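These numbers were taken from a predicted model, which means no experiment stands behind them. Just so we're on the same page: letters track the sequence lines, and every chain starts at 1.
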2 protein chains.
Amino acid sequence: MDAMSTPSARLLSLLSLLQTPREWPGSELADRLGVSPRTVRRDVDRLRELGYPVEASMGAAGGYRLAAGKAMPPLLLDDEEAVAIAVALSTAVGKPVSGIEQASLRALAKLEQVLPSRLRHRVGAFRAATESLFTESATPVDPHELAVAAAAVAGHERLRFAYQSGDGSRTRRLVEPHRLVLAGRRWYLLAYDTERDDWRIFRVDRMTRLQPTGVRVPPRELPEKDAAAFVTRRMYSLAPTYEVRATLRLPAAQAAERLGAAPGELRSIDENSCELHGRADTLEWLASRLLMLGCEFQVHEPPELLAHLRVVGDRALRAAVPRP
Amino acid sequence: MDAMSTPSARLLSLLSLLQTPREWPGSELADRLGVSPRTVRRDVDRLRELGYPVEASMGAAGGYRLAAGKAMPPLLLDDEEAVAIAVALSTAVGKPVSGIEQASLRALAKLEQVLPSRLRHRVGAFRAATESLFTESATPVDPHELAVAAAAVAGHERLRFAYQSGDGSRTRRLVEPHRLVLAGRRWYLLAYDTERDDWRIFRVDRMTRLQPTGVRVPPRELPEKDAAAFVTRRMYSLAPTYEVRATLRLPAAQAAERLGAAPGELRSIDENSCELHGRADTLEWLASRLLMLGCEFQVHEPPELLAHLRVVGDRALRAAVPRP
DNA sequence: CCATCTAGGTCGGATCCTGGCCTAGATCGC
DNA sequence: GCGATCTAGGCCAGGATCCGACCTAGATGG
């Protein structure tokens, strides 16, 4: 333990100790912090005054611990925990659903800003290991670059990057980032392209070599009020999606449960079948989800999905024929 | 903003402000914290002395921001970010791979300990929404209960719960938790059953109504040195698993990449095929992963997987036949 | 009923903290 | 190049805070 000379440093260490899921007797805390038990009691008081609910169980074998309160206390993580959170957020952000993607992204950007570099390497390694497991998306976005972009948005910093547009041509861009928007299962950066003097939308998974320039610029006004609307209007030109229509031999309630969030539309047909309307961007993802439902189903559209199902079905049957 | 009377409270707020991915001019910080700019400079100094690397850009339009340093600073999260992290950790823990499961679990336990209850509800809601999306596992474990168990392990607290054993019988248990072990894709609790006076292993997904008793007991010694070894020896009686053997028409390198972490064993056969040896606990999971590889393959074992592939293949082909 | 823990009042002396004022150095825009 | 604007940090004096020591009260478990 360090000197713990100042009360501030002591409060921080105290918070860190109390976050461990165990009880600390005052005497042990005093020992660890290098102060008298009386001072520990006063520090506990201070924490309580700051809004952190330190619980104490009285009597012999009593002790202090931090309980759930009204506000989030500062989280004091050790190295491994920090890495675990970074990895978890990365996969969450790379496979966004839910409706808290913006918050996940903010949290990731915040964490990456202060993550020591030696930990950063470990995060990268784990990310590489886990990412390919969830190979649902054809081109999963790099969470690190996403975080860099998010930081640039939040800091109003000019951003430089290489972009590969839909037709394959590569360009260098210098933009003023405005917002990151999740649409479908992809992230888009809405930004003002300073070289082309116009608003542009970039698919984040097509951006590489992001370099925050550090140059802060006053936020520019959008031509339209809602960034998300602006994006969705232009988005479909960038992201070819498939509209699915299928009949599932499964009660609508169960189908909703198994499909989880963002299932698209489900309409009940009768007590044990329903119709699914949805949209997705890769056939593999669609086919896999439908097959994982574990029920009979019929696909009506799109024709590409019908073809893909035939391919997958044939492949499964061939795989099931034992050959030496 | 609050009073910020004491330097400790001020330092915490300052840390929170500096974690935002933007630059803060000293004057604005002074304003927000309700102190003079000189004091802000001193506070910044204090933070630096505590080991938090506050970066400053000089000149006009300069400012302060928190950079990556040697140690993790305390993370100050707003409500949404806290929820996002909790959700991300939950799915990471419920679908464990990687090799940082223990750390993820610790982080989740730490977070849940201090998470305000109103946020806890939101986490539960998001969890329910996202969980069913990744319905790979037959009985996904409840991350919240896992966190409770982890806290009991760390705090040496007796734990009470209801258990449904493999044969379907239900019992109430009172145990002294010793360790949580991840084996295969399942979590097991190694604990001393105080009523049966012996060490037992419980599948966490079969535990319900966990109640930490708050009773702290001195840690008991394991009969064998390594808990993980003890578990793995007994585990296979609890978890029926399938041993897979298959030939993939894919170069070994590519297969490893697409399979990601824990692919089992891959042995290269020739330049564009390889043999896979692995183990998994559900056929659906296995079949889906193999089909997602996007290459031809032949399954040799187990026979159950052959049967399941035939079922899935037939179903896919039936689904691809348009019917009114 | 006693040991052990939290809770908290009081006091004096040492320490620290603050704001004001100063100079120095870096950087950017004009 | 020059001035504006920012960080950096020394110095000082008055006041607030903090600390340990010592005390009593209350809760709890063996």
Pairing residues for A/F161 by the ring pair (Phe, Tyr, Trp, His ring centres under 6.0 Å) criterion, not counting sequence neighbours: A/F202
How many angstroms lie between CG in A/L189 and CZ in A/R173, if you round to the nearest 0.5 Å? 11.5 Å
Assign each of A/D43 and B/V44 the nucleotide of DNA chain D bearing its closest heavy atom; nearer the 5' end lies the nucleotide of B/V44
A/D45 CG - C/dG9 C1' separation (whole Å): 12 Å
Counting side-chain heavy atoms from CB outward, which of C/dA7, C/dT18, D/dC19 is closest to A/R10? D/dC19
Partners of A/E55 by side-chain hydrogen bond (donor to acceptor under 3.5 Å, both in side chains), sequence neighbours excluded? none
Side-chain polar contacts of residues 80-89 of chain B - donor-acceptor pairs under 3.5 angstrom, sequence neighbours left out - could you list them?
from: B/E80; atom 1: OE1; to: A/R106; atom 2: NH2; distance (Å): 3.3
from: B/E81; atom 1: OE1; to: A/K110; atom 2: NZ; distance (Å): 3.0
from: B/E81; atom 1: OE1; to: B/D78; atom 2: N; distance (Å): 3.1
from: B/E81; atom 1: OE2; to: A/R106; atom 2: NE; distance (Å): 3.3

Rounded distance (Å) that lies between atom C1' of D/dA8 and atom CG of B/L47: 16 Å
Side-chain atoms of B/T39 come closest, of C/dA7, C/dT18, D/dC18, to C/dT18
Among D/dC19, C/dT18, C/dA7, the one nearest any side-chain atom of A/R48 is C/dA7
Each nucleotide in nucleotides 20-30 of chain C should get exactly one letter: B, S or -. Can you fill that in based on protein heavy atoms under 4.0 Å? BB---BBB---
Hits for side-chain hydrogen bond (donor to acceptor under 3.5 Å, both in side chains) against B/E23, two or more places apart or cross-chain, chain-then-number order -> B/S57
Rounded to whole Å, how long is the line connecting atom CG of A/L14 with atom C1' of D/dC18? 16 Å
For B/D31, all residues meeting side-chain hydrogen bond (donor to acceptor under 3.5 Å, both in side chains), sequence neighbours excluded: none
Which whole-number value in Å describes the distance from A/D31 CG to C/dC5 P? 12 Å
Decide side-chain contact (heavy atoms from CB on, under 4.5 Å) for A/E176 and A/W199; before the verdict, give the C-alpha distance in whole Å, the side-chain angles of both, and the deciding distance to 0.1 Å. CA-CA 9 Å; A/E176 301 175 6; A/W199 289 93; over 6 Å; no
Round to the nearest Å and state the distance from A/E55 atom CD to D/dT28 atom C1'. 16 Å
Could you pull out all residues at least two apart from B/E28 that satisfy side-chain contact (heavy atoms from CB on, under 4.5 Å)? B/R22, B/W24, B/P25, B/R32
In whole angstroms, the gap separating C1' of D/dT7 from CH2 of B/W24 amounts to 18 Å
Test of understanding: with side-chain hydrogen bond (donor to acceptor under 3.5 Å, both in side chains), list the residues that count as partners of B/R196, not counting sequence neighbours. B/D193
Between A/R46 and D/dC18, is there a side-chain N or O to OP1/OP2 distance below 4.0 Å? yes
Along DNA chain C (nearest heavy atom to each residue), the more 5'-positioned of A/A56 and A/S8: A/A56
End axis versus end axis in the helix from C/dC1-D/dG30 to C/dC30-D/dG1, the angle rounded to 10°, five pairs used at each terminus: 60°
Separation of D/dG29 P from B/R158 CZ (nearest whole Å): 14 Å
Measure from CG on B/L33 to C1' on C/dG19 and round the result to the nearest Å. 15 Å
